[in-house]
Amino acid sequence: MQRIDQIIKSVAVEAVRDNWSVNIQEGQVQIQKTRREFEGDFTVVVFPLLRHSKCSPEETGKAMGQYMVDHSDMLSGYNVIKGFLNMVVSQQYWKELLDGDLRGPHYGFTPVDAGSPNVMIEFSSPNTNKPLHLGHIRNNLLGYSVSKIMEASGNHVTKVNLVNDRGIHICKSMLVWQSEGNGETPETAGMKGDHLVGKYYVQFDQIYKSQIEAQVNEGVIRREAEAKAPVLEKAREMLRKWEADDPEVRRLWEKMNSWVYDGFEETYKRLGVSFDKTYYESETYKLGKEIVLKGLEEGVFYKKEDGSVWANLEDEGLDHKILLRADGTSVYMTQELGTAHQRYDEYGFDSHIYVVGNEQNYHFQVLAIVLKKMGYMWADKLFHLSYGMVELPEGKMKSREGTVVDADDLMDEMESTAKMMSEELGKLEDHNEEEKDIIYRQVGMGALKYFILKVDPKKNMTFDPGESVDFNGNTGPFIQYTYARIRSVIRKGEGIPKSIGDIQMNVKEVSLIRMMHEYPEIINEASRTLNPSLVANFLYDLAKEFNQFYHDYSILSADNQEQVGLRLLIVEAIGQIVESGMDLLGIEVPERM
RNA sequence: GGACUAGUAGCUCAACUGGAUAGAGCACCUGACUACGGAUCAGGAGGUUGGGGGUUCGACUCCUCUCUAGUUCACCA
């Protein structure tokens, strides 16, 4: 069914042509939703058309409005206020939409087929030396939701994770475990593996700091003490052994990493995210070298006296960037060049999205420029979905100072809050414990996910663990509650014939259908701008509108059977959209709560 | 110092990318249940959109200057 805003645009073009003999493009017709306080569904802004009509805004609007109503069955009325032409869409159009597209299983989705664009999206990308925290949660939820949304808008999506499993950070944990751990394992400690490894990482930092202090007290300059702390030397030594494939170090490394992976797996599962493929940096970090050396050969990069390789980015207004260290080892950028190249070879993606925090904006800017300098035109297909930090009311999260919000703890807290709320209301008494736990989990996670995703990704957000995660108002549970209510009505209305009938719909009913009509555009816009918050806020508005309707009108005991049937159709359609929209955010909706 | 991003109600966030009187939630007052689920609904109060200039029919949105905060500026990933 053709979208009504499209119909209005094309009729408006005809109106301008037939009234003033001027041909304009549909893109020149400005159309928007009519504000609540005025009558109508869509508003044509007439100001830009005045130079064609050469008369007042009111006259122009009236001439167009009359023409449009006369020339389209889908438009039933108009009014003009201060240069805004408000068009009323016919009830017939809304009813056909309700009885047609809105009843389909995937309203608003664009099917994916062999010709669909190939999108690769990288997110999560954890280090293996410590557990995930709140910042990672934002990353994971964003990445997962964006991949769902892009899929819904007709892209073939591949989700990938890049695990940073090598480097000095993991050696630090390994070192302390070796000396202090007494063979402790996740089983003997009764801890998740990532937490256990994180514990030793923190211990390293404590030892490191005390060694520095001891040196400083003996009169050593702080800088020097920091660089030469014995424990850090040992960690470096371990990294060298790792690079040299020392069997003992490698075994330990594999063992401790596997603990971490088990821990991450659990956290991912709980968060409800998954990947199609996982890359490990230990397997890819050497790939970039070849590319850099090739670039050096071609004269795109240059070599300094000490042997290090650099790119000159001055013509782009940037500085010089190191690509290979003097000793020939790779840096972060080297590795990144390699993986990008490898992925393009393997998948030939039409676009590649990196979900990475905004502190790495510069890094990704440089990545694209360097690739382009080397003549890889697909550098234009790389996008950095840069998101803001999650701050706590006291300021930033700092792992060393212990002001992080641990991901697992937070999820525990959300679920127990959900449990408390629910027990107070006592609506689940006929459920067994297992069923209840599922619902607590859905609601607790729903609150957390919605809270994170409703905010525009690029903005920094503050998170108050004590207060700000609410279950009332603009929250996940509010939408879940609305869904549970809808399901309840539908269960009770089982067996009642549903049809559009030929009764007149009231403003709320029309308003609901009109909102649902926006859903496909919301999905596409969210996909285009990589912004799940559009979906989140849309669902909230829809839920709110439904609750008002629900309050003002009775569904099952409406005046007559025809009206009951119509309202059930509307309610059913809303339920489907809420369910599918929440799924795009990675949020489950419960039948009861 | 350069670059990038942001600044909207006491707090957390919107504003369809230049359109009508800048909207929600929380918190604070006031109301609404013999109900299809009150995790709801209605109302009140709360704003010089950081500040100054400019562009035009029209600016939270664009330009310019400025203030504030965050990130980053190279051999950590």
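Since we're looking at a predicted model, the values are computed, not measured. Each chain gets a letter, A, B and so on, in the order the sequences are listed, and its residues count up from 1.
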Give [X] one of three labels, base, sugar-phosphate or nothing, depending on what nucleic acid heavy atoms sit under 4.0 Å from its own.
X         : result
Asn472(A) : sugar-phosphate
Met593(A) : base
Gln30(A)  : base
Asn86(A)  : base
His320(A) : base

ask   = Partners of Arg567(A) by salt bridge (Lys or Arg N to Asp or Glu O under 4.0 Å), sequence neighbours excluded?
value =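 Checked Arg567(A) against salt bridge (Lys or Arg N to Asp or Glu O under 4.0 Å); matches are Glu509(A).
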Can you tell me the distance, in whole Å, between the [atom1] atom of [X] and the [atom2] atom of [N]?
X         : N      : atom1 : atom2 : value
Tyr450(A) : A14(B) : OH    : P     : 11 Å
Asp464(A) : C26(B) : CG    : P     : 16 Å
Glu521(A) : U17(B) : CD    : P     : 11 Å
Lys304(A) : A74(B) : NZ    : P     : 11 Å
Leu428(A) : G37(B) : CG    : C1'   : 11 Å
Lys321(A) : C76(B) : NZ    : P     : 11 Å
Gln548(A) : G37(B) : CD    : P     : 19 Å
Asp430(A) : G37(B) : CG    : P     : 13 Å

query = If we ignore angles and hydrogens, is there a donor and acceptor under 3.5 Å between the side chains of Asn86(A) and Tyr78(A)?
reply =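 Asn86(A) vs Tyr78(A): no donor-acceptor pair found between side chains.
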message = Under 4.0 Å, heavy atom to any atom of RNA chain B: which of residues 45-59 of chain A qualify?
response =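 RNA chain B contact set from residues 45-59 of chain A: Val45(A), Phe47(A), Pro48(A).
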inquiry  = With a 6.0 Å cut-off on the ring centroids, do Phe451(A) and Phe463(A) count as close?
reply    =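 For Phe451(A) and Phe463(A), the ring centres are under 6.0 Å apart.
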message = Before we go on, tell me: are the rings of Phe471(A) and Tyr481(A) under 6.0 Å apart, centre to centre?
response =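 So the answer is no for these two rings.
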request  = Establish whether the base of A74(B) is bridged to the side chain of Tyr362(A) by a donor-acceptor pair shorter than 3.5 Å.
outcome  =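 When only heavy-atom distances are counted, Tyr362(A) does reach the base of A74(B) through a donor-acceptor pair under 3.5 Å.
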query = Toward the 5' end of RNA chain B, which comes first, Leu425(A) or Thr529(A), by nearest nucleotide?
reply =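 This one resolves to Thr529(A).
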query = If you pin Ser330(A) and Leu313(A) to their nearest nucleotides in RNA chain B, which one's is more 5'?
reply =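 Mapping each residue to its closest nucleotide by heavy atoms, the 5'-most match is Leu313(A).
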